[in-house]
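Labels below follow one simple rule: chain letters A, B, ... track the order of the sequence lines, proteins then strands, and each chain is numbered from 1. Worth knowing before you read on, the calculation uses all heavy atoms, side chains too, and leaves out hydrogens, waters and symmetry mates. From a predicted model like this one, the values you see are computed outputs, not experimental measurements.
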Amino acid sequence: MTVEGFIFDACQKAVDALYGVKPDNSQIQVQLTRKDFEGDYTIVAFPLLKISKKKPEDTAQELGAYLVQANPEIEAFNVVKGFLNLSLSHSFWSGLLAAVSADSSYGFAPKGSTGKTVMVEYSSPNTNKPLHLGHIRNNLLGYSVSRIIEANGNNVHKVNLVNDRGIHICKSMLAWQKFGKGETPESTGKKGDHLVGDYYVRFDKEYKKQIEVQKLQGLTEDDAKAKAPIMLEAQDMLRQWEAKDPEVYSLWETMNGWVYDGFAKTYADLGIEFDKVYYESQTYILGKSIVNEGLEKGVFYKRPDGSVWINLTNDGLDEKLLLRGDGTSVYITQDIGTALQRFSEFHLNDHIYVVGNEQEYHFQVLKLILKKLGYEWSEHLFHLSYGMVQLPEGKMKSREGTVVDADDLVEEMIATAKGMAEELGKLDNLTPDEAEKVYRMVGLGALKYFILKVDPKKSMTFNPKESIDFNGNTGPFIQYTHARIQSVLRKAADAGISISGTINPNALGAKEKELLKQIVSFPEVVAQAGASFSPALIANYAFEVAKEFNQFYHDFSILKEENADVKLLRLMLSKEVGSIIRKAMWLLGIDVPERM
RNA sequence: GGUUCCGUAGCUCAGUUGGAUAGAGCAACAGCCUUCUAAGCUGUGGGUCCCGCGUUCGAAUCGCGGCGGAAUCACCA
């Protein structure tokens, strides 16, 4: 039970006793008391006036007096305008600290306790170019949300749906065939995904050239695009691929293999994992049978050219194609099929798609179609729609070479972390291997935190000229706080001090209580983040806790405190703060070092 | 044009179902290491919460109307 919950109940009983009416949820508002006022928690009197039929100040006074005499935990109160500020007793607070420190999984619901199974799909790269900053946001969000959902007691399946087929893949393949001279990752020393990406760009260059030539011959822009020989060749290659032409198919396998090796390295660098990987080359045919089902039910209709459509104009949307005239499927056909397959195979309760907000319309349509087909679980599809990562100049454009490459960025962050650590002389006592681990941790911590602290649904700006900070509201700041705490705990252990025993309530000071308030709200933050799929809530919480601890650390000494009770309380508090920081950062997919 | 999302300090962002005098970080300036890690702490300056009207005891938050920006409305994915 949360502290707010306790006060809520006490308040409900008090109002009932005083005025004979039991207030409902909306009438009792409990919040943390603002720091500029005396007290711990505040009850807002205004919503209760209808019941008390008295002035706000009088209502708050009466309620406060009653609460203090009825609850030993509530020690004192004061009233400012319509706000009733309550102070909880020291023994109440120290009891909470004891409870938290006895619970090693504090803040997390027991594994699988909801009995629900949730699938999270994220990453979903194309195999024609390397990952960039936009993909990083997707991967970090997907991975963090998976952990948050798991921490809320659900079983989670993390999946990746790789787009390994289609015209864009053929473009890279064709360009490599024409201009590649047999280059391989081995022969060039280039990471596979980057090598293939180069040929994707090469195709585009050639294509543009051919369009210009066609236009000189008098063709319109559209005609020139449609009739450029290299584009016709690419389309022809896609048909050959679908017919499983051995030569094309083997080239496809080879080049995709290069890309997967490259992706594997990027994922490993980012610390991203999946439980299962789906490939569109294996799933793109799915969903066709459902189209027939929909035709029979009259949900879909067929046009004279044989294409299948659904009319969603009555739902405020448009008409949507489900099957091409030639009987081949489009993206949404496949998504219908895979959703159906996944729900039946894994008995899913919820399915979350981590996909950019440019596809909001697509998922709206997908949900609606499944609903119209009568699948009740369509209500349990969630599109975690995140905003684009923009540069100060606007959108990243791969054609203009303004994309921020994922591998480059990771490397740069680690190098910066290393440079800073060396400058500060922080890790001189570590072995090179250990130091290297810390550089990675800190560099990645900075990057991951920078991205995850922003509300997912908002678009965010990244300025490559101003490197990501390591001071202030950043990952390294929080990691540093953790390292500091561990250092204190190590010293305590070296001195043979045991961090256990009974807490003396009188040892609790004002700053310690502020820290405890933060600690106590952790489970609520985890629940909130789970309900809203928002790692940003966790990130901002972790920062607040770290900031509070650093102030405490600066103003008070822990190991040099002479009063044994105070020393024990401060050590227990430090240990719990360290543990909460580690858990919060774990939820973000960020590791924390023992030293830095 | 329709739909959806967004607009908070010079910059990057918080602000949980409407609550007290709107907060952090960066950048700028001024301080704090003989003391558990200074990747830290303290202080100063910085605001028409895009604008207007409305609902309310109370609006950055809710509603309506503007202005500005983004995404989307493909036999692409």
Side-chain angles (χ1 to χ4, degrees), chain A residues 25-26 29 31 33-34 36-37 42 44-47 49 56 80-83 85 124 126 163 166-168 280 303 305 307-309 316-318 320-326 328-332 334-335 355-362 364-365 385 387-388 390 392 394-395 417 420-421 423-424 426 442 446 450 453-455 457-463 466 468-481 483-492 524-525 528-529 531-532 534 536-537 539-540 543-544 546-547 550-551 553-561 570 574 595-596:
Chain A
N25 286 15
S26 69
Q29 290 180 28
Q31 53 198 243
T33 303
R34 290 176 60 116
D36 23 331
F37 296 94
T42 296
V44 186
F46 294 103
L49 303 186
V80 180
K81 294 196 263 180
F83 298 90
N85 302 319
S124 313
N126 291 346
N163 183 355
I167 189 74
H168 46 289
E280 290 199 359
R303 285 191 182 172
D305 66 358
S307 57
V308 179
W309 295 74
L317 304 172
D318 299 299
K320 181 84 185 171
L321 175 92
L322 290 152
L323 216 53
R324 293 193 186 99
D326 62 7
T328 56
S329 54
V330 288
Y331 189 55
I332 200 154
Q334 168 193 256
D335 259 5
V355 179
N357 61 12
E358 70 231 349
Q359 291 192 37
E360 272 172 13
Y361 182 74
H362 169 80
Q364 213 181 332
V365 169
S385 165
M388 298 290 102
Q390 293 182 333
K395 223 175 156 177
M420 267 177 115
E423 195 182 320
L424 296 168
K426 287 284 188 176
V442 174
F450 176 83
K453 76 170 179 187
V454 180
D455 184 340
K457 63 173 186 284
K458 289 193 178 180
S459 63
M460 60 183 296
T461 307
F462 175 76
N463 189 344
E466 299 168 14
I468 292 175
D469 251 303
F470 284 67
N471 300 317
N473 187 357
T474 65
F477 172 88
I478 299 167
Q479 290 172 316
Y480 175 70
T481 309
R484 263 184 157 178
I485 291 172
Q486 298 319 306
S487 170
V488 172
L489 296 179
R490 269 194 308 273
K491 290 208 157 79
E524 185 54 35
V525 173
Q528 191 72 39
S532 54
S534 175
L537 296 179
N540 286 302
F543 173 63
E544 293 299 327
K547 198 168 54 161
N550 276 320
Q551 289 168 2
Y553 181 91
H554 180 266
D555 292 344
F556 302 94
S557 66
I558 300 166
L559 293 169
K560 292 192 174 122
E561 171 58 43
R570 287 181 183 167
S574 302
R595 319 164 194 263
M596 69 180 271

Taking the same atom, [atom1], in [N] and in [M], what whole-Å distance lies between them?
N      : M      : atom1 : value
B:rC62 : B:rU17 : P     : 8 Å
B:rG66 : B:rU3  : P     : 11 Å
B:rA20 : B:rG45 : C1'   : 25 Å
B:rG1  : B:rG40 : P     : 48 Å
B:rC64 : B:rA30 : C1'   : 49 Å
B:rA70 : B:rC32 : P     : 48 Å
B:rA24 : B:rG46 : P     : 15 Å
B:rA60 : B:rG18 : P     : 14 Å

Which one, [options], comes nearest to the side chain of [X]?
X      : options                : answer
A:K547 : B:rU37, B:rA24, B:rA20 : B:rA24
A:L321 : B:rA39, B:rC75, B:rU21 : B:rC75
A:K458 : B:rG25, B:rG7, B:rG19  : B:rG7
A:P47  : B:rU12, B:rG19, B:rA71 : B:rG19
A:L537 : B:rG15, B:rC41, B:rC36 : B:rG15
A:T42  : B:rA20, B:rA39, B:rG40 : B:rA20
A:K491 : B:rC36, B:rC26, B:rA20 : B:rC36
A:F477 : B:rA14, B:rC41, B:rA77 : B:rC41
A:M596 : B:rA39, B:rA20, B:rA70 : B:rA39
A:T33  : B:rA20, B:rG19, B:rU72 : B:rA20

**OP:** Ignoring hydrogens and angles, answer whether the base of B:rA20 and the side-chain atoms of A:N85 contain a donor-acceptor pair closer than 3.5 Å.
**Re:** yes
**OP:** State whether the distance check finds a donor on one side and an acceptor on the other, under 3.5 Å, for side chain A:T481 versus base B:rA39.
**Re:** no
Please classify the nucleic acid contact of [X] as base, sugar-phosphate, or nothing, using heavy-atom distances under 4.0 Å.
X      : answer
A:E544 : nothing
A:V330 : sugar-phosphate
A:T461 : sugar-phosphate
A:A421 : base
A:V525 : nothing
A:D455 : sugar-phosphate
A:E280 : sugar-phosphate

Watson-Crick or G-U wobble mate for [N], both contacts under 3.5 Å:
N      : answer
B:rA22 : none
B:rA30 : B:rU42
B:rU72 : B:rG2
B:rG52 : B:rC64

Any [X] side-chain nitrogen or oxygen under 4.0 Å from OP1 or OP2 of [N]:
X      : N      : value
A:S487 : B:rU37 : yes
A:R484 : B:rA39 : no
A:N473 : B:rU12 : no
A:K426 : B:rA38 : no
A:Q551 : B:rG40 : no
A:Y480 : B:rA39 : yes
A:R303 : B:rC75 : no
A:K81  : B:rU21 : yes

Provide, to the nearest angstrom, the distance between the [atom1] atom belonging to [X] and the [atom2] atom belonging to [N].
X      : N      : atom1 : atom2 : result
A:D305 : B:rC75 : CG    : P     : 11 Å
A:Y553 : B:rC32 : OH    : C1'   : 15 Å
A:I478 : B:rG25 : CD1   : P     : 13 Å
A:K457 : B:rC13 : NZ    : P     : 14 Å
A:F470 : B:rG25 : CZ    : C1'   : 15 Å
A:N550 : B:rU42 : CG    : P     : 9 Å
A:Q528 : B:rU17 : CD    : P     : 8 Å
A:K560 : B:rU35 : NZ    : C1'   : 5 Å

Any side-chain donor paired with an acceptor under 3.5 Å for [X] and [Y]?
X      : Y      : value
A:N550 : A:R484 : yes
A:D469 : A:T474 : no
A:E360 : A:S385 : yes

**OP:** Please examine the side chains of A:F477 and A:N471, heavy atoms only from C-beta on, and report whether any two atoms are closer than 4.5 Å.
**Re:** no
Subject >> A:I167 or A:K395, whichever maps to the more 5' nucleotide of RNA chain B >> reply: A:K395
Subject >> Residue mapping more 5' on RNA chain B - nearest nucleotide basis, A:F83 or A:Q334 >> reply: A:F83
For the side chain of [X] and the backbone of [Y], is there at least one donor-acceptor N/O pair under 3.5 Å apart?
X      : Y      : value
A:T328 : A:R324 : no
A:R303 : A:V308 : no
A:S532 : A:Q528 : yes

**OP:** Could you tell me which non-hydrogen atom of A:V365 sits nearest to which non-hydrogen atom of A:I332, and how far apart they are?
**Re:** CG1-CD1, 3.5 Å
Subject >> Nearest atoms (heavy-atom pairs only) where A:K453 meets A:N473 >> reply: NZ-O, 3.4 Å
Original post:
With stacking defined as ring centroids separated by under 5.5 Å and planes differing by under 30°, is A:F37 stacked against B:rA20?
Top reply: yes
Original post:
With stacking defined as ring centroids separated by under 5.5 Å and planes differing by under 30°, is A:Y331 stacked against B:rC76?
Top reply: no
Original post:
Hey, is A:K457 close enough to A:D455 for a salt bridge, meaning N to O under 4.0 Å?
Top reply: yes
Original post:
What is the glycosidic conformation of B:rC33: syn, defined as within 90° of 0, or anti?
Top reply: syn
